[in-house]
Number of protein chains: 2
Amino acid sequence: MMVTSTSRTERTRAGLQAAALRLFSEQGYDATTVEQIAREAGVSHMTFFRHFPTKDAVVLDDGFDPAIAAAVAAAPTGLPPLTRVCAGLRAALTHVDLPGQEEVRVRVRIAAGHPVLRAGTFAATEATQEAIAEVLVADGVSPFEARIASAAALAALTVALLEWCLSDQDVPMSSRLGAALDVLDGTARR
Amino acid sequence: MMVTSTSRTERTRAGLQAAALRLFSEQGYDATTVEQIAREAGVSHMTFFRHFPTKDAVVLDDGFDPAIAAAVAAAPTGLPPLTRVCAGLRAALTHVDLPGQEEVRVRVRIAAGHPVLRAGTFAATEATQEAIAEVLVADGVSPFEARIASAAALAALTVALLEWCLSDQDVPMSSRLGAALDVLDGTARR
DNA sequence: TGCCCCAATGTTAGTGGCTAACATTTGGTG
DNA sequence: CACCAAATGTTAGCCACTAACATTGGGGCA
């Protein structure tokens with residue numbers, strides 16, 4: 001019996017993800033086969049697809065998206081849509097430099113260098129985008145404007161994230177992301 | 001001898017694209033095989049891939065992207081980056097309602113309803129994004145801010161385009177896209 | 001403890017996107 | 001008309017991904 005609360009499912013999934021990230025880092029995304037990942041994790045390739053819908057989902061599933069929508073919801077109302085979204089996202093950035101995010105950085109670094117995965121990174125934010133838009137709509141913003149504002153802000157954030165990973169400066173991630181938001185809501189306009 | 005200046009290559013390509021769009025509209029993107037498209041156009045499946053790198057490229061290649069960057073370059077300098085990009089894009093919208101864009105609308109309509117193609121639509125703007133960013137950099141904007149501004153604006157425009165296609169209102173496309181830009185550069189903020 | 005049930009996994013076979021290598025045709029040119 | 005090169009066809013194969021069915025293993029209940 002396991003003392004840790006990790007079920008078999010969670011263990012298998014974690015093993016697959018670990019194997020995948022290691023192999024992707026070592027020999028590249030394209031050169032790595034799902035078959036190979038599965039073998040490395042001690043399972044069959046079918047098990048892989050039972051835990052991840054596609055090969056790129058191993059890299060793209062971040063799942064810290066609901067927290068973002070919550071932060072936007074907590075931001076003060078009454079602001080113009082884009083300003084409101086930026087304010088919420090800025091608040092969420094507080095938690096982004098914490099340790100334990102190293103695995104996220106590995107994932108983003110793999111994605112940043114690969115055209116298909118870069119595209120997938122944007123696609124992966126669509127759920128978050130919709131969640132943020134709903135928050136705005138609940139405050140009386142039109143659905144159209146809500147979607148535009150959240151899409152623009154998330155695109156800015158995603159580009160900033162990818163660029164930050166490619167040029168691994170020592171500037172903290174949060175300040176880079178904050179600068180991206182400044183471009184949007186005019187804090188940077190003298 | 002052909003009086004028209006269409007080379008064999010152009011004719012084959014056009015035939016493939018026409019066949020693809022017709023089949024996609026009739027029976028859906030997923031249910032249509034490249035094999036089928038090729039047969040319909042009277043060629044083999046290899047010829048398809050010699051003209052389009054991937055299956056989705058038939059839907060996603062618009063190629064009216066360089067004009068957009070030119071319009072941004074023509075916009076007045078000295079504005080904050082995002083304002084500048086929006087001004088340029090607004091100018092480009094003048095030409096967007098012209099007739100003959102019907103085929104573009106067919107393509108976007110197909111893309112709008114399909115998750116993978118929606119994602120691809122964003123990815124397809126990356127070249128334009130980079131072109132706009134270069135224009136800004138040439139005017140002294142930092143590469144980082146330039147990329148953020150152009151990514152945000154194009155994301156807004158792309159979302160507006162997709163939404164406009166899904167809810168085929170009788171509101172003209174240009175006014176919808178213009179409204180999206182308003183959300184970004186504050187024209188809408190009283 | 002021991003049994004049993006079901007969820008997790010394995011096996012196998014197949015489809016379709018995409019590529020490489022090589023053979024073949026076609027169209028324009030000297 | 002003959003020739004060269006570009007466009008196309010053929011074939012074979014890899015890999016992501018799926019369906020259908022068999023198998024196993026582990027946790028709960030008697």
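The sequence lines fix the lettering, A, B, ..., with proteins before strands; numbering per chain opens at 1. Since we're looking at a predicted model, the values are computed, not measured.
Rounding to the nearest 0.5 Å gives a distance of 7.0 Å between CG of A:Asp61 and CZ of A:Phe52. Note: A:Asp185 CG to B:Leu184 CG = 11.5 Å, rounded to the nearest 0.5 Å.
Distance from the side chain of A:Lys55 is smallest for D:dC17 among the nucleotides C:dG17, D:dG9, D:dC17. Comparing D:dC15, C:dT9, D:dT8 by their closest approach to the side chain of A:Arg8 singles out C:dT9. Closest to the side chain of B:Arg50, out of D:dA20, C:dG17, D:dT10, is D:dT10.
For the pair A:Leu16 CG and C:dA8 P, the computed distance is 14 Å after rounding to whole Å. The distance between atom CG of B:Leu23 and atom P of C:dG16, rounded to the nearest whole Å, is 14 Å. Rounded to an integer number of Å, the gap from A:Phe52 CZ to D:dT18 P is 14 Å. Remark: C1' of D:dT10 and CZ of B:Phe48 are 19 Å apart, rounded to the nearest angstrom. To the nearest angstrom, C1' of C:dG27 lies 15 Å from CD of B:Glu10. Regarding B:Glu35, its CD atom lies at a distance of 15 Å from the P atom of D:dA12, rounded to whole Å. Atom P of nucleotide C:dG16 and atom OH of B:Tyr29 are separated by 14 Å, given to the nearest angstrom. C:dG28 atom P lies 8 Å from atom CZ of B:Arg11, rounded to whole Å.
Under a 4.0 Å N-O distance rule, the pair A:Arg90/A:Asp182 qualifies as a salt bridge. Under 4.0 Å is where a charged nitrogen must lie from a carboxylate oxygen, and between A:Glu102 and A:Arg105 at least one such pair does.
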Between A:Thr12 and A:Arg50, is a side chain to side chain contact (heavy atoms under 4.5 Å, CB included) present by the stated rule, with each step listed? CA-CA 10 Å; A:Thr12 307; A:Arg50 288 203 180 94; over 6 Å; no
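Contact between the side-chain N/O atoms of B:His45 and the OP1/OP2 oxygens of D:dT8 is not found at any separation under 4.0 Å. Between B:Thr12 and D:dT8 there is a side-chain N or O to OP1 or OP2 distance below 4.0 Å. Side-chain N/O atoms of A:Ser44 include one lying less than 4.0 angstrom from OP1 or OP2 on C:dG10.
For the pair B:Met46 and B:Thr9, nearest-nucleotide mapping onto DNA chain D gives the more 5' position to B:Thr9.
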